[in-house]
Amino acid sequence: MKYLEDFQPGQIYRFRAEPLSKEEIIAFAHEWDPQRLHTDENYAVSVHGSLIASGFQTMLHVFKPVMHGMMPEIANIGGLGFDSLRWPRPVRPGEALDIELEVSSVKPSKSKPDRGVLAYALRAMNSAGQVVFTADTPVMIKRRLSEEQ
């Protein structure tokens with residue numbers, strides 16, 4: 001198990017999200033974000049050059065390998081939200097995403113010595129190296145309490 005003390009600003013963790021298919025993009029959009037640019041390929045091509053994934057689907061797709069590959073091994077108490085969330089470019093069918101999680105800060109709580117805040121920046125890039133998603137995310141993490149506490 002990793003605790004707050006196991007992290008340092010500047011640490012980078014890498015993940016990969018497999019490509020979304022056209023069918024997956026359309027199915028997600030029909031359920032969660034039924035805008036034409038996600039459900040109507042002809043319309044999306046005329047506006048964006050191809051069908052594009054919903055930003056919400058992109059966010060979930062980026063977070064999935066992080067949640068499965070890293071978070072089960074962390075003494076996570078809970079997320080605190082997003083300080084910023086951006087989709088600078090759309091995600092298109094067939095694009096795998098390279099994901100980087102960089103630890104931004106590690107701050108022990110002043111009022112609750114058993115925990116602290118781990119802040120990280122998350123970026124996802126398509127195969128051309130273009131950034132398609134960014135988020136700054138603080139999470140509450142348990143501390144490894146010393147015997148003196």
Side-chain angles (χ1 to χ4, degrees), residues 1-4 6-109 111-112 114-143:
M1 188 60 57
K2 285 189 166 190
Y3 295 87
L4 189 70
D6 296 316
F7 296 95
Q8 300 296 323
Q11 286 176 314
I12 296 176
Y13 299 87
R14 290 183 170 79
F15 305 90
R16 186 160 177 89
E18 294 304 317
L20 291 167
S21 69
K22 177 174 76 168
E23 294 77 19
E24 288 172 311
I25 289 171
I26 292 170
F28 180 93
H30 278 297
E31 184 170 356
W32 297 102
D33 190 1
Q35 298 180 69
R36 288 178 65 201
L37 54 130
H38 308 311
T39 61
D40 181 338
E41 190 170 13
N42 290 330
Y43 176 76
V45 166
S46 72
V47 176
H48 291 286
S50 74
L51 189 69
I52 63 170
S54 164
F56 301 114
Q57 184 176 24
T58 298
M59 178 180 70
L60 293 169
H61 196 60
V62 168
F63 269 94
K64 184 176 180 178
V66 174
M67 295 300 114
H68 285 266
M70 183 175 181
M71 289 302 170
E73 303 302 321
I74 295 176
N76 187 1
I77 296 171
L80 299 172
F82 298 105
D83 290 335
S84 73
L85 178 63
R86 299 284 182 264
W87 298 279
R89 291 185 179 278
V91 171
R92 301 173 190 283
E95 288 184 331
L97 302 179
D98 292 311
I99 301 160
E100 291 181 350
L101 181 154
E102 182 173 357
V103 176
S104 306
S105 66
V106 178
K107 296 180 183 174
S109 172
S111 62
K112 295 182 180 180
D114 68 330
R115 64 192 66 189
V117 176
L118 170 71
Y120 62 87
L122 198 57
R123 297 177 353 137
M125 289 78 57
N126 62 21
S127 59
Q130 300 167 318
V131 176
V132 298
F133 175 86
T134 62
D136 294 320
T137 308
V139 294
M140 189 75 64
I141 305 285
K142 286 184 180 181
R143 292 182 67 195

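In plain terms, the two heavy atoms of P88 and V131 that are nearest each other are CG-O, 3.4 Å. Closest of all the heavy-atom pairs between T137 and G81 is CG2-O, 3.6 Å. Contact between E24 and S21 at its shortest, heavy atoms only, is OE1-N, 2.7 Å. Considering all non-hydrogen atoms of both residues, G94 and P19 come closest at C-CB, 3.4 Å. For the residue pair P65 and V62, the shortest heavy atom distance occurs at CD-O, 3.3 Å. Heavy-atom minimum distance, S50 versus R92: OG-NH1, 2.7 Å.
Within a 6.0 Å radius of CZ in F56, other residues, nucleotides and ligands contribute 12 heavy atoms or fewer.
Separation of atoms CD1 (I141) and CG (N76) is listed at 4.5 Å; rounding is to 0.5 Å. One distance of note links CZ of R14 with CZ of R123; it measures 9.5 Å at 0.5 Å rounding. Here OH of Y120 is found 14.0 Å from CD of Q11. Values are rounded to the nearest 0.5 Å.
Looking at residues two or more places apart in sequence or on another chain, you find no side-chain hydrogen bond (donor to acceptor under 3.5 Å, both in side chains) involving K112. With sequence neighbours excluded, the residues forming a side-chain contact (heavy atoms from CB on, under 4.5 Å) with M70 are F7, Y13, F15, I74, L101, listed by chain and number.
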*asked:* With side-chain contact (heavy atoms from CB on, under 4.5 Å) as the criterion, how do L97 and F133 come out once you've worked through the C-alpha distance, each side chain's angles and the decisive distance to 0.1 Å?
replied: CA-CA 10 Å; L97 302 179; F133 175 86; over 6 Å; no
*Would L80 and M140 count as a side-chain contact (heavy atoms from CB on, under 4.5 Å) if you check the C-alpha gap in whole Å, the side-chain angles of each, and the deciding distance to 0.1 Å?*
CA-CA 7 Å; L80 299 172; M140 189 75 64; 4.2 Å; yes
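Residues Q57 and I25 form a side-chain contact, since some pair of their non-hydrogen atoms from C-beta on lies under 4.5 Å apart. Counting heavy atoms from C-beta on, the side chains of Q8 and V106 never come closer than 4.5 Å. Within the 4.5 Å cutoff, the side chain of R143 has no heavy atoms near those of the D114 side chain. Using a 4.5 Å heavy-atom cutoff, the side chains of L60 and K64 are not in contact. By the 4.5 Å heavy-atom criterion applied to side chains, S54 and F28 are counted as neighbours. Contact check for V91 versus H61: no side-chain heavy atoms found under the 4.5 Å cut-off.
Using a distance-only test at 3.5 Å, with no hydrogens or angles considered, no donor-acceptor pair links the side chain of H38 to the main chain of L51.
Here side-chain hydrogen bond (donor to acceptor under 3.5 Å, both in side chains) pairs that include residues 95-105, with residues two or more places apart or in two chains, are R16-D98.
Salt bridge R36/D40: present, at least one basic N to carboxylate O contact under 4.0 Å.
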